[in-house]
There are 2 protein chains.
Amino acid sequence: MAIEAPSRRRAIEDAASALFHERGYPATSVRDIARALDIRGASLYAHVTSKEDVLWSIVDRAASTFERAADAAAAATAQRPPAERLSALVRAHVEAIAADPELASVFVSEWRHLSADRKMSILERRDAYEGRFREVIVAGMATGDFGSTDPGLAATFILTALNGLATWYRPDGRLTAQRIADHYADLATRTLEEHR
Amino acid sequence: MAIEAPSRRRAIEDAASALFHERGYPATSVRDIARALDIRGASLYAHVTSKEDVLWSIVDRAASTFERAADAAAAATAQRPPAERLSALVRAHVEAIAADPELASVFVSEWRHLSADRKMSILERRDAYEGRFREVIVAGMATGDFGSTDPGLAATFILTALNGLATWYRPDGRLTAQRIADHYADLATRTLEEHR
DNA sequence: CCTACCGATCGGTAGG
DNA sequence: CCTACCGATCGGTAGG
């Protein structure tokens with residue numbers, strides 16, 4: 001089939017995601033990934049050029065997923081008040097994590113094992129992503145909807161709390177993704193709203 | 001000197017903490033730790049029984065540090081309203097991280113590389129620690145100081161946000177530990193307080 | 001996708 | 001704390 005090669009590549013990335021999520025990148029060997037696919041370690045190199053290359057594909061795809069989700073959330077709430085815009089960003093982030101926790105957790109935790117230039121490129125994208133949260137916080141402070149705070153610190157506080165989900169979320173856990181998204185959007189908004 | 005042996009052991013743990021913080025436990029070799037102390041890899045084994053043993057000492061000490069800090073914070077605010085008790089717990093946690101970010105970051109990120117029984121023991125202590133936060137949240141909901149929320153989810157949200165500090169805190173950063181503690185205590189409290 | 005193999009490095013031990 | 005060394009495993013290549 002014409003789609004075999006790309007789907008095989010994707011199967012490798014999925015198996016690697018699961019293992020990187022569970023044990024971390026350095027503790028996962030090329031042979032571990034191959035074993036999950038019932039092939040030999042050396043056979044992986046017919047589809048990938050290096051172990052780091054697999055990590056990069058996963059991290060890059062995860063970054064794009066978060067960026068697209070945030071784009072959609074921002075577009076849908078562009079004319080709404082800051083609290084709603086923040087709530088939409090939080091929901092989009094939580095839903096992206098819940099949709100593929102292994103992908104998200106590799107993105108959140110394993111990027112530091114990338115080569116220096118790829119690491120730098122991811123750090124820049126992360127900062128731009130965090131900037132979306134900072135901008136909404138600044139806007140909310142300007143309208144008086146949000147109390148006065150350090151926007152950078154508040155954005156880091158909230159995003160770190162959200163990212164923790166990638167570590168502990170289980171599809172069959174006590175709370176559904178929707179309920180977690182509801183709660184987290186509420187908690188994040190409360191974190192900033194002016195008390196009155 | 002009589003204190004040489006224990007201080008040497010501690011020097012090993014400190015060098016290991018710095019490396020585990022920077023690269024993670026699996027990506028740090030015994031020879032890396034030895035090199036930081038200007039000795040040979042094999043010489044380390046005069047002071048430690050295994051690499052995992054070093055990780056355990058660090059994680060166990062970090063856990064005790066957090067527990068003692070929380071004990072002191074709880075004792076000092078036992079008769080105060082829930083918001084103040086929460087604020088004290090948050091400050092204690094942030095200050096413990098800032099006092100030794102490498103120790104804290106190994107505790108937060110590397111415990112999963114411990115053996116099964118040690119991992120279990122740390123997970124239990126973490127849950128008990130998180131329970132202190134849950135209890136204050138429940139108490140605040142009971143008095144009406146805090147709005148209605150899922151105490152477990154809120155505790156996880158806040159503690160995850162705080163733990164992120166271990167990853168990015170730098171003593172020479174833009175904000176002092178005191179200012180971060182102030183802000184984080186404020187953000188955590190706002191996250192829960194009923195709007196009025 | 002396989003077998004066979006490479007040099008490098010791993011955590012750890014023996015024996016001073 | 002050292003030298004010398006162990007078996008196991010690492011990421012990756014050659015050549016089908």
Side-chain angles (χ1 to χ4, degrees), chain A residues 1-59 106 110-119, chain B residues 1-59 106 110-119:
Chain A
M1 302 275 167
I3 56 156
E4 229 214 35
S7 80
R8 196 60 178 150
R9 165 77 192 211
R10 178 57 181 264
I12 292 170
E13 290 176 22
D14 289 346
S17 287
L19 289 163
F20 295 165
H21 169 60
E22 192 184 317
R23 316 178 187 172
Y25 176 78
T28 301
S29 75
V30 166
R31 286 161 178 84
D32 289 334
I33 300 168
R35 192 176 307 118
L37 298 160
D38 252 307
I39 59 175
R40 306 287 167 177
S43 305
L44 271 182
Y45 289 87
H47 303 99
V48 308
T49 64
S50 71
K51 183 187 170 191
E52 200 236 55
D53 191 55
V54 177
L55 176 61
W56 169 249
S57 293
I58 296 167
V59 168
V106 174
E110 307 299 328
W111 57 268
R112 62 177 170 158
H113 298 108
L114 289 167
S115 66
D117 52 333
R118 287 172 162 174
K119 196 173 357 185
Chain B
M1 301 274 169
I3 56 157
E4 228 214 37
S7 80
R8 196 60 178 152
R9 165 77 193 212
R10 177 57 182 263
I12 291 170
E13 291 176 21
D14 288 347
S17 287
L19 288 163
F20 295 165
H21 169 60
E22 194 184 315
R23 315 176 189 175
Y25 176 79
T28 302
S29 74
V30 166
R31 286 160 178 86
D32 290 335
I33 301 168
R35 192 177 307 118
L37 298 160
D38 252 307
I39 59 175
R40 305 288 167 173
S43 306
L44 272 182
Y45 289 87
H47 303 98
V48 308
T49 63
S50 72
K51 184 187 170 191
E52 199 235 60
D53 190 57
V54 176
L55 176 61
W56 170 249
S57 294
I58 296 167
V59 169
V106 174
E110 308 298 328
W111 57 269
R112 61 176 170 162
H113 298 108
L114 290 167
S115 66
D117 52 332
R118 285 170 163 174
K119 198 176 348 186

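Lettering follows sequence order; numbering is per chain, from 1. None of the values given here were measured: they were computed from a predicted structure. These values consider heavy atoms only, across backbone and side chains, with no hydrogens, waters or symmetry-generated copies.
The separation between Ile39(B) atom CD1 and dC2(D) atom P is 6 Å, rounded to whole Å. The nearest whole Å value for the distance from the NE2 atom in His47(B) to the C1' atom in dC2(D) is 13 Å.
Taking His21(B) as the reference, nothing meets the ring pair (Phe, Tyr, Trp, His ring centres under 6.0 Å) condition, with sequence neighbours excluded. For Arg31(A), the salt bridge (charged side-chain N to carboxylate O under 4.0 Å, His left out) test picks out no residue, with sequence neighbours left out.
Proximity of His47(B) to Asp53(B): side-chain heavy atoms (C-beta onward) are nowhere separated by under 4.5 Å. Between Glu52(B) and Tyr25(B) there is a side-chain heavy-atom pair separated by less than 4.5 Å.
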What donor-acceptor contacts under 3.5 angstrom involve side-chain atoms of residues 37-45 of chain A, with partners at least two apart or in another chain?
none

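Base pairing in DNA chain D yields stems of at least 3 consecutive Watson-Crick or G-U pairs, both distances under 3.5 Å, namely C:1-16 with D:1-16.
Across every non-hydrogen atom of Phe20(B) and Glu110(B), the tightest pair is O-OE2, 3.8 Å.
The CD1 atom of Ile33(A) lies 6.5 Å from the OG1 atom of Thr28(A); values are rounded to the nearest 0.5 Å.
The list of salt bridge (charged side-chain N to carboxylate O under 4.0 Å, His left out) pairs with a residue in residues 12-25 of chain A, not counting sequence neighbours, reads Arg9(A)-Glu13(A), Arg10(A)-Asp14(A), Glu13(A)-Arg61(A), Arg23(A)-Asp32(A).
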Quiz item: Could you run down nucleotides 3-13 of chain C 5' to 3' and tag each one B, S or - for protein heavy-atom contact under 4.0 Å?
Solution: BB-----BBBB
